[in-house]
Amino acid sequence: MDKMMQEKIQSILDGIKDPVSCLPIVELDMIERVRYLENDRELKIFTSFPADGKACMNCVGISTVMIDGIRRNIFRDFEAAFPELTISIV
């Protein structure tokens with residue numbers, strides 16, 4: 001992946017914030033890696049959200065809603081920046 005593509009991806013990730021802490025999701029280790037498959041015209045974003053494990057059902061529900069929102073934001077921002085690519089969140 002060329003430097004310009006890396007910088008564009010990093011810029012997008014820096015702009016996506018966690019709704020609770022307001023920190024970029026990359027600072028919270030919610031993004032494991034990003035893979036650009038140039039020949040397939042695809043961008044795969046690998047996420048790493050913390051497991052709730054033994055949390056109460058209300059906490060699990062709230063966490064699920066928040067994670068879904070973050071995933072929607074990731075998809076929205078990457079799709080807007082790269083309309084010519086297929087965006088996958090893994």
Consider only side-chain heavy atoms of I, L, V, M, F, W and Y, link residues closer than 4.5 Å, and tell whether [X] and [Y] are in one cluster.
| X | Y | result |
| --- | --- | --- |
| F82 | M1 | yes |
| I70 | L23 | yes |
| M66 | I89 | no |
| Y36 | F75 | yes |

Applying salt bridge (charged side-chain N to carboxylate O under 4.0 Å, His left out), name anything that partners E7, two or more places apart in sequence or on another chain.
K3
Atom pair [atom1] ([X]) and [atom2] ([Y]), whose distance is rounded to the nearest 0.5 Å:
| X | Y | atom1 | atom2 | value |
| --- | --- | --- | --- | --- |
| I45 | M30 | CD1 | CE | 15.0 Å |
| R76 | R71 | CZ | CZ | 15.5 Å |
| F49 | T64 | CZ | OG1 | 11.0 Å |
| R35 | L43 | CZ | CG | 11.0 Å |
| I9 | F78 | CD1 | CZ | 6.0 Å |
| D77 | R72 | CG | CZ | 12.5 Å |

Is the shortest heavy-atom distance from the side chain of [X] to the side chain of [Y] under 4.5 Å?
| X | Y | result |
| --- | --- | --- |
| T47 | I67 | no |
| V34 | L13 | yes |
| V26 | Q10 | yes |
| N73 | I25 | no |

Work out which heavy atom in [X] is nearest to a heavy atom in [Y]; give both atom names and the distance.
| X | Y | value |
| --- | --- | --- |
| P24 | K17 | CG-NZ, 3.7 Å |
| A81 | K8 | O-NZ, 3.1 Å |
| M5 | L85 | CE-CD1, 4.0 Å |

More than 12 heavy atoms of other residues, nucleotides or ligands under 6.0 Å from CD of Q6: yes or no?
yes
